[in-house]
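Accompanying notes for the structure given below.
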Amino acid sequence: MKLNPAQQQAVTYVSGPCLVLAGAGSGKTRVIINKIAYLVQQCGYKARHIAAVTFTNKAAREMKERIAGTLGKGEARGLRISTFHTLGLDIIRREHKVLGLKPGFSLFDDQDTLALLKELTEDELLEDKDQLQQLIKQISDWKNDLVLPERAQRIAQGEKEVLHAELYARYRDHMTAYNALDFDDLIMIPTVLLSSNQAVREKWQDRIRYLLVDEYQDTNTSQYQLVKQLVGERARFTVVGDDDQSIYSWRGAKPQNLVLLGKDYPNLELVKLEENYRSSGRILKAANILIANNPHVYDKTLRANLNYGEPLTVVTANNEEHEAERVVATLVRHKFMNHAKHKDYAILYRGNHQARIFEKALMTNRIPYKISGGTSFFSRSEIKDIMGYLRVLVNPDDDNAFLRICNVPKRGMGPATLEKIGRLANRKQISLFAACFDPEIEQALPPQGAETAMVFTRWLVELGDRAQRGDTLEALKEMIRGINYEDHLYDTSPSPKAAEMRMKNVSELYRWITDMLEGDDLEEAMTLAQVVTRLTLRDMMERNNEDEESDQVQMMTLHASKGLEFPYVFLVGAEEGLLPHQSSLDEGNVEEERRLAYVGITRAQRELFFTLCKERRQYGEQLKCEPSRFLLELPQDDLVWEARQKKPSAEQRQQTGKSNIAMMRAMLNKK
DNA sequence: CGAAAGTGTATTTTT
DNA sequence: TACACTTTCG
């Protein structure tokens, strides 16, 4: 577990700003962990004065676990390891008074935002369907560039932008009324606050004396500024990143921030980690040669520490069904020959829709697989329901949450009733929840409706009070019991089995909540309000050890594979128009696609297979496919193009493919 | 309220 | 084309 000289340098350079260019598989997390330990144990930093920032909760959790194994319990006390958003949330929570926010604000996720904007724009731009998407993007862009509504209205150019700016202002006002924030606010608000308020800035600069940032190439403008404000003149920080693995520019990441940093901090120390400990020599060579086709600000070549290894294989299939069959056949044969496990294999693809066909092929061959990504836990309706209830408990003014849950399970507060409540709320400029409490509700609704609304909201207020007073767990239990949620699930699910599944999800969520309320070694106990916002940030303790133990073929998009590694990788759909994706080609952004291919290639430890089709159905039309230009850019001496006969006779090949599988299976079963 | 017909959409996704 | 999601109708 020794560090190589470059790693050592990255760890021990602490006197000023430091940029670590960390190639794939070069041990960057180890550098971050070691650096934190070094700062605490050698440089006399208190852990509570150090913060490390990541982009995903998963990365943050991993880092926390690894640091817990490195530092003593006392030594690690107060160490901040979190995502950008959680750090922002922390700052907002502690400064909510200065910001004029009530505690217990709601956090809107994308769907909440969409719902609110849809409502706000009903009159203005209903004609265009993607207008709304444009508006959402525009607002998000403004926030990420730290542009407040007032300034947006001043700088807006053209009719559309002026309208967008006005809607942005209206959106902000509504969010204030709901006492709600969105994800972008979690970065923008602290950044604006820190840059405009000297006292607060100094307080936080004193609190965070050393800052580390992971995956720096993924930062956007507001995140860049947040870092800048936090580190101040002293500029004691380390950022770690790899411009070759920047694959998120389409959602606002600015890899140029790596360059900007050198300009903002002329004394920036640059350390390159170029020793790769993950992949075979051939795989690395291929990756290096491929990425050399991209322009680079900082040159970097990964050096292999492992054997040269097997050649890379290119498998050509007739169509996408055939591709899946060949992958499965190759996988089964390979697994048998190498005594490997299912989980040693990954199938990586450009788009989620590609997964389906592989899923089918794996299923018919009874091969266990796991698809990462797709519909997340938190977009499940049962989870959204329960979260809705919790949000209303914490913040009754959260109309979105109220709308979601007020008639789930059905309690006679349907559209007609809501419409009337909504009118009252609108007239008095209060939230829906508050309207149910208003004396005028009795005139607004028929007696029965008014009764239901009042009983329901009073019950919630009472529960909310109880939760706040500290009897949180009991209040929660009573809530789930009180709404008869289990019955509701059995009533609304297509099968009892599905209902059971959903109830299991609810229990899982309940367990997370209880855990978070109580706290543990790594996390302090939280209030219900904190739990709700953290859950909206998807920041829960994922204790799914099952996943690691289970032996399944891994399937995911290339994007989702970043940061992971697998002994054997299938990079499928290596075709023009798919791996350099057509839409990227249209936008003239081949480079990002090349980086995506680079990320895919560098996931492989021992062997790498590419597959492509000669023909592929797209939008119901049979299209001819050309091999990806990236395949042609690779060193051909290290590639084996397998089975490229002119007349393959699809049926025959399918036959042999299948009988191969059957044969292997028979042999495996005997053993 | 639930089934049936209609509609929209096919790039990547976190927080 | 194929599928998910929405709306409509009985």
Side-chain angles (χ1 to χ4, degrees), chain A residues 53-60 82-90 92 107-113 118 128-130 132-133 136-137 140 143-144 181-188 214-215 218-220 222-223 226 245-253 319-321 348-357 359-360 372-379 381 407 409-410 412 414-415 491-494 533-540 556-563 573 575 577-587 589 592-593 595-597 599-600 616-623:
Chain A
V53 184
T54 64
F55 275 85
T56 64
N57 293 303
K58 201 172 141 214
S82 66
T83 62
F84 263 106
H85 293 267
T86 308
L87 175 64
L89 178 65
D90 255 21
I92 292 174
L107 192 53
F108 273 24
D109 66 17
D110 292 349
Q111 290 184 41
D112 295 315
T113 300
K118 210 178 204 164
D128 256 303
K129 41 199 152 55
D130 71 1
L132 190 57
Q133 281 307 320
I136 289 173
K137 181 154 186 345
S140 180
K143 290 192 175 191
N144 286 330
L181 301 175
D182 64 25
F183 286 139
D184 295 325
D185 288 332
L186 295 184
I187 312 293
M188 180 185 77
D214 193 14
E215 303 283 10
D218 290 340
T219 49
N220 62 31
S222 62
Q223 287 159 339
L226 180 57
Q245 291 188 69
S246 156
I247 52 175
Y248 285 112
S249 67
W250 52 273
R251 67 174 203 220
N319 54 50
E320 61 265 53
E321 275 97 15
L348 308 181
Y349 36 82
R350 176 68 235 257
N352 278 313
H353 63 279
Q354 287 171 267
R356 193 176 299 140
I357 199 134
E359 197 180 359
K360 212 168 102 192
S372 320
T375 356
S376 85
F377 187 75
F378 284 88
S379 43
S381 65
N407 208 27
K410 301 247 170 348
D491 288 346
T492 55
S493 300
T533 44
R534 292 292 278 267
L535 280 173
T536 312
L537 286 171
R538 323 266 146 103
D539 185 8
M540 63 310 208
M556 66 194 77
T557 62
L558 286 162
H559 284 90
S561 75
K562 196 172 78 159
E575 296 144 35
L578 222 146
L579 187 37
H581 196 274
Q582 191 55 49
S583 32
S584 292
L585 293 176
D586 295 342
E587 288 164 30
N589 193 7
E592 180 141 318
E593 297 288 311
R595 290 194 290 268
L596 200 50
V599 165
R616 189 181 286 275
R617 234 196 338 268
Q618 224 163 12
Y619 312 133
E621 224 174 349
Q622 226 30 257
L623 286 176

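Heavy atoms only: backbone and side chains are in, while hydrogens, waters and symmetry mates are out. A, B, ... follow the sequence lines: proteins, then strands. Residue 1 opens every chain.
- The base of B/dT12 is paired with the side chain of A/R350 by a donor and an acceptor separated by under 3.5 Å.
- Note on ring orientation: taking the six-membered ring where Trp is involved, the planes of A/F183 and A/H85 are perpendicular (angle over 60°, cut-offs 30° and 60°).
- Using modelled atom types and a 3.5 Å distance limit, the side chains of A/Q582 and A/D586 yield a donor-acceptor pair.
- In this model, no donor atom of one side chain and acceptor atom of the other lie less than 3.5 Å apart for A/T113 and A/D182.
- Distances from the side chain of A/R617 to the nucleotides C/dA2, B/dT15, B/dT13 place C/dA2 closest.
- Set against B/dT13, B/dT15, B/dT11, the side chain of A/Y619 has B/dT11 as its closest nucleotide.
- In terms of phosphate contacts, A/N352 brings a side-chain nitrogen or oxygen within less than 4.0 Å of OP1 or OP2 of B/dT12.
- One finds no side-chain N or O of A/N220 lying less than 4.0 angstrom from the OP1 or OP2 phosphate oxygen of B/dT14.
- The nearest whole Å value for the distance from the CG atom in A/D185 to the P atom in B/dT14 is 20 Å.
- A straight line from CD of A/E359 to P of C/dC3 spans 12 Å, rounded to a whole angstrom.
- Listed pair A/T557 / B/dT11 fails the phosphate criterion, with no side-chain N or O lying under 4.0 Å from OP1 or OP2.
- In this entry the distance linking NE2 of A/H353 with P of B/dG8 reads 22 Å, nearest Å.
- For the 3.5 Å distance criterion, the side chains of A/T83 and A/T86 qualify, holding a donor opposite an acceptor.
- On the P atoms, C/dC3 is 24 Å away from B/dT14, given to the nearest whole Å.
- Distances from the side chain of A/Y248 to the nucleotides B/dT13, B/dT11, B/dT15 place B/dT13 closest.
- For B/dT12, the OP1/OP2 oxygens have no side-chain nitrogen or oxygen of A/H559 closer than 4.0 Å.
- Separating the P atom of C/dC5 from that of B/dT13 is a span of 16 Å, rounded to the nearest Å.
- A sub-4.0 Å separation between OP1 or OP2 of B/dT15 and a side-chain N or O of A/N57 is present.
- Atom CG in A/D218 sits about 11 Å away from atom C1' in B/dT13, given to the nearest Å.
- Taking atom CD of residue A/Q245 and atom P of nucleotide B/dT14, one finds them 17 Å apart after rounding to whole Å.
- A/D110 comes within 4.0 angstrom of a nucleotide base, judged by non-hydrogen atoms across all strands.
- Here B/dT12 presents its P atom at 13 Å from CG of A/L579, a figure rounded to the nearest Å.
- For A/E587 and A/K410, each mapped to the nucleotide of DNA chain B holding its nearest heavy atom, the one lying further toward the 5' end belongs to A/K410.
- In this entry the distance linking CH2 of A/W250 with P of B/dT11 reads 12 Å, nearest Å.
- A salt bridge does not link A/R251 with A/D218: none of the charged nitrogens is closer than 4.0 Å to a carboxylate oxygen.
- Take A/H559 and apply the ring-ring contact (aromatic ring centres under 6.0 Å, His included) test, not counting sequence neighbours, and it matches A/Y248, A/W250.
- In this structure, A/H581 packs face-to-face on the six-membered ring of B/dT11, meeting both the 5.5 Å centre cutoff and the 30° plane limit.
- Per the geometry, CG belonging to A/L585 stands 13 Å off P belonging to B/dT11, to the nearest Å.
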